[in-house]
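Here is the structure we will look at, set down as structure tokens.
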Protein chains: 2
Amino acid sequence: MKRVDEEYGQQPKVGFSERFIRGDVFSAQCPSREVLKHITNRWGGLVLIALKLNQGPAYRFSELRRLIQGVSEKMLAQTLKMLEQDGFVQRTDFQVVPPHVEYSLTPLGAEVAVHVVGLADWLEEHIQDILSHRKLS
Amino acid sequence: MKRVDEEYGQQPKVGFSERFIRGDVFSAQCPSREVLKHITNRWGGLVLIALKLNQGPAYRFSELRRLIQGVSEKMLAQTLKMLEQDGFVQRTDFQVVPPHVEYSLTPLGAEVAVHVVGLADWLEEHIQDILSHRKLS
DNA sequence: CTGCATCCTAGAAGATACTG
DNA sequence: CAGTATCTTCTAGGATGCAG
């Protein structure tokens, strides 16, 4: 929400770090928009939730695929790679044949996931309220 | 996360209320997936945040459009309508010429917005960490 | 088992013009 | 001012086949 300078909404002529003290999701140019997109696209949030709620050993690719119903192989791979680049997901390749790869949250990822889980949790609890409101309108 | 019965992941043959105690974002059939989509699509979240953070009088359409940079008229109208149907947004039409319409959050909307704001807030604060991680990889 | 490469489509989003 | 209607564009996502 806070900008270094006052020219709100112009094209950036310099790098991010010189222009923003912190991110600003309302600004079209702010990179936080992009990261927000990663988290809020169709599968990003669900992956974070799955990894966060997991109590047992780290998930393998196919376990995640089974858990997150409806996700395709391609999208799961793509999503995991994105989240890994953002520093949210830790990928561990055991370098064996047949392949064995595990996914878990980084400390940073665990922090975002808290908020995503909070949102999803609220939704699951209030879904009936929402649906009944829709029928009325 | 909790289902009434055990047949996890099958096609629903009965209505929602008979099958789910609460929502389950992991289930492809659960309506919470759809609502989650409304909140996490390109503009839904930003609208909720804008309305939530607003301290002054309720926003008018054009004010929202100016605040949320990059949103088109069409998408803003569409998004507001969606959120209104979900029971998150209150639309007040003053029935005057020229038109004067105001948007605010319903109590339900204010609740979801808390979580969305929390997520965006975390993001804005940690965007530098994320960006620096990306450069390394 | 864990992917990547390719191709293809539905639906999201944008541009523009118009109206009460 | 606050939209709607129409048309076009774009891209996220799905299907399939193959590889280490």
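Just so it is clear: chains get the letters A, B, ... in the order the sequence lines come, proteins before strands, and each one is counted from 1.
Between dA13(C) and S72(B), no contact under 4.0 Å exists linking OP1 or OP2 to a side-chain N or O. A sub-4.0 Å separation between OP1 or OP2 of dA2(D) and a side-chain N or O of R60(B) is present. The phosphate of dG3(C) has OP1 or OP2 within less than 4.0 Å of a side-chain N or O from Y103(A). Distances shown here put a side-chain N or O of R91(B) below 4.0 Å from the OP1 or OP2 atom of dG3(D). Phosphate proximity of dG3(C) to K81(A): absent, as no side-chain N or O sits under 4.0 Å from OP1 or OP2.
An angle of 50°, rounded to 10°, separates the two end axes of the helix from dC1(C)-dG20(D) to dG20(C)-dC1(D), each defined over five pairs.
Of the candidates dA13(C), dT2(C), dG14(D), dA13(C) carries the atom nearest the M75(B) side chain, counting heavy atoms from C-beta on. Ranking dC1(C), dA2(D), dG14(C) by closeness to the K74(B) side chain, first place goes to dG14(C). Out of dT2(C), dC1(C), dG3(D), the shortest distance to the side chain of P98(A) is found at dC1(C).
E34(A) places its CD atom 14 Å from the C1' atom of dT11(D), with the value rounded to the nearest Å.
A heavy atom closer than 4.0 Å to some atom of DNA chain C occurs in R42(B), W43(B), these being the qualifying members of residues 39-46 of chain B.
Tracing side-chain contacts under 4.5 Å through hydrophobic residues (I, L, V, M, F, W, Y), one never reaches M82(B) starting from V116(B); they form parts of separate clusters.
In this structure, CH2 in W43(B) is found 14.0 Å from CG in L48(B), a value given to the nearest 0.5 Å.
With sequence neighbours excluded, the residues that form a side-chain contact (heavy atoms from CB on, under 4.5 Å) with R66(B) are S62(B), E63(B).
Heavy atoms of Q78(B) sit nowhere under 4.0 angstrom from any nucleic acid atom.
Side-chain atoms of Q128(B) and H126(B) include no donor-acceptor pair closer than 3.5 Å.
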